[in-house]
Amino acid sequence: MKNFASLLGNKNKFLILGCGFSGSFFAKTVRKFGCTALTSSRSEKKDPNNFIFDSENGKIPNKKIFDGVTHILSCIPPDKNGKDPVLESLQNTLKTLSLEWIGYLSTTGVYGNTEGDWVSEIDQPNPYQKRSFNRLNCEKEWIKSGLPVQIFRLPGIYGPGRSTFEAIKNQKIRVISKKNQVFSRIHVADITNAIIYLLQNKDSLKFHQVINIADDEPCSQIEVINYCYSLLGLRMPKPVNFENAKKELSPIAQSFWMENRRVSNKLLCETLGYKLIYKNYKMGLKNCFLNL
Ligand SMILES: NC(=O)c1ccc[n+]([C@@H]2O[C@H](COP(=O)([O-])OP(=O)(O)OC[C@H]3O[C@@H](n4cnc5c(N)ncnc54)[C@H](OP(=O)(O)O)[C@@H]3O)[C@@H](O)[C@H]2O)c1
């Protein structure tokens, strides 16, 4: 990859709001390129680059944190009232800054259930779950804010430290079969790299406000689990039919099985020319396996 810091200019400063799984990967990567990146979490961390932001407990960052900020990535989901924590607490502050760009990590849940059909950015969102209605409202609020936001819709995120391997290791794995059911996924490194690619090439690429970041091969959970067991040299437990497994699943786990869609990455990978690092679950899981 080209030198990100020099392409963006050394005076750029990133704030990563919500330094969880995706946020910390992004922060780590942009720092490798020489950029300044401050991150937020809800509780104290030893990291001197981390500050506290907790919208639900009124813990708002000191104004100094925002000095010279040019880029923001928000990785924070809607709060318990369905509102966007960043817009609820920080919108006025953000409007006083000379921001070049804000990235907002959203979900492909806004597309709802397509019974296995492909969905792309030109399809009207059709949320099915309450949390997806909330998410779509947050996307709309971001657009309405007039801030320079770009929205990234993500399917299931995995990567080293958060993958089927951990579920197997922690004995949380459930091998469930449901006919014709598929899920889309994305490796955490491709979220970061796709965003960096778009920022690096922003002068030559047409701006799109909403972009899906997904890999090339939606597939069943069983294929993924089976592949993990084969890499581990173990035999996969016998699958349980969804109807029988359902009653033991938490409401949130059940809700994931209620939606079936294939998320298209054509805008990102064909129109905009991003090349995935991990085109499919096999490539991505090999990387997770090597980092176990
Ligand atoms: N996980 C998935 O498979 C998936 C799929 C599609 C979309 N998404 C969405 O993509 C985004 C990034 O996902 P992720 O899995 O990387 O997220 P994650 O690891 O769960 O991190 C979420 C971050 O948001 C912070 N946060 C939560 N509520 C907050 C509040 N009220 N005020 C301030 N900070 C708050 C958390 O703080 P702490 O660090 O203190 O906990 C954490 O840093 C999220 O919006 C997520 O919903 C996730």
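Note that this is a predicted model, so its numbers are computed, not measured. Atom set for the values below is all heavy atoms of this structure, side chains included, hydrogens, waters and symmetry mates excluded. Just so you know, ligand 1 is whichever comes first in the structure, and atom 1 is the first atom listed for that ligand. Numbers for residues simply follow the sequence, beginning at 1.
Of the protein's non-hydrogen atoms, Ser41 CB, 3.8 Å is the one closest to atom 39 (O) of ligand 1. The single protein non-hydrogen atom nearest to atom 44 (C) of ligand 1 is Cys75 O, 3.3 Å, given as residue, atom name and distance. When only non-hydrogen protein atoms are considered, atom 35 (C) of ligand 1 lies nearest to Ile76 CG2, 3.4 Å. What sits closest to atom 37 (O) of ligand 1 on the protein, heavy atoms only, is Arg42 NE, 3.2 Å. In terms of protein heavy-atom proximity, atom 19 (O) of ligand 1 is nearest to Phe21 N, 2.8 Å. Of the protein's heavy atoms, Ile157 CD1, 3.4 Å lies nearest to atom 4 (C) of ligand 1. The single protein non-hydrogen atom nearest to atom 20 (O) of ligand 1 is Arg162 NH2, 4.2 Å, given as residue, atom name and distance. Of the protein's non-hydrogen atoms, the one nearest atom 33 (C) of ligand 1 is Phe53 O, 3.1 Å.
Polar contact with ligand 1: present for Gly20 (N/O pair, distance under 3.5 Å). At least one N or O atom of Ser55, backbone or side chain, sits closer than 3.5 Å to an N or O atom of ligand 1. In terms of N/O distances under 3.5 Å, ligand 1 is not approached by Leu154.
Counting heavy atoms closer than 4.0 Å to ligand 1, residue Ser22 contributes atoms from both its backbone and its side chain. Contacts between Asp79 and ligand 1, counted as non-hydrogen atom pairs separated by less than 4.0 Å, are absent for every part of the residue.
In this pair, Phe152 and Trp101 present their aromatic rings tilted. The plane angle is within the 30 to 60° band. Classification of the Phe289-Phe165 ring pair by plane angle, with boundaries at 30° and 60°, yields tilted.
Taking 4.0 Å as the cut-off, Ser106 counts as a neighbour of ligand 1 on heavy-atom distance.
With distances taken over non-hydrogen atoms, the option nearest atom 47 (O) of ligand 1 out of Glu44, Glu56, Arg135, Arg185 is Arg135. Heavy-atom proximity to atom 5 (C) of ligand 1, evaluated over Gly156, Gly18, Pro155, Pro61, is greatest for Pro155.
Within a 6.0 Å sphere centred on CD1 of Ile122, heavy atoms belonging to other residues, nucleotides or ligands number 12 at most. When the shell of 6.0 Å around NZ of Lys95 is examined, it contains more than 12 heavy atoms from other residues, nucleotides or ligands. Heavy atoms from other residues, nucleotides or ligands lying under 6.0 Å from NZ of Lys178 number more than 12.
Under a hydrophobic-cluster definition in which Ile, Leu, Val, Met, Phe, Trp and Tyr are linked whenever side-chain heavy atoms come within less than 4.5 Å, directly or via other members, Phe183 and Tyr227 are assigned to different clusters. A continuous path of ILVMFWY side-chain contacts below 4.5 Å connects Tyr104 to Leu99, so both sit in one hydrophobic cluster.
Here the two rings, on Phe14 and Phe26, have centers that are under 6.0 Å apart.
By the 6.0 Å and 45° rule, Lys130 does not stack over the aromatic ring of Phe133.
Between the side chain of Asp79 and the main chain of Lys83, a donor-acceptor pair closer than 3.5 Å is present.
Interface of Cys19 with ligand 1, defined as ligand atoms under 4.0 Å from a residue heavy atom, comprises 43 (O). Ligand 1 places these atoms under 4.0 Å from at least one heavy atom of Asp54: 32 (N), 33 (C).
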Evaluate the criterion ring pair (Phe, Tyr, Trp, His ring centres under 6.0 Å) for residue pair Tyr111 and Trp118; output intermediate values, then yes/no. CA-CA 10 Å; Tyr111 293 117; Trp118 288 94; over 10 Å; no
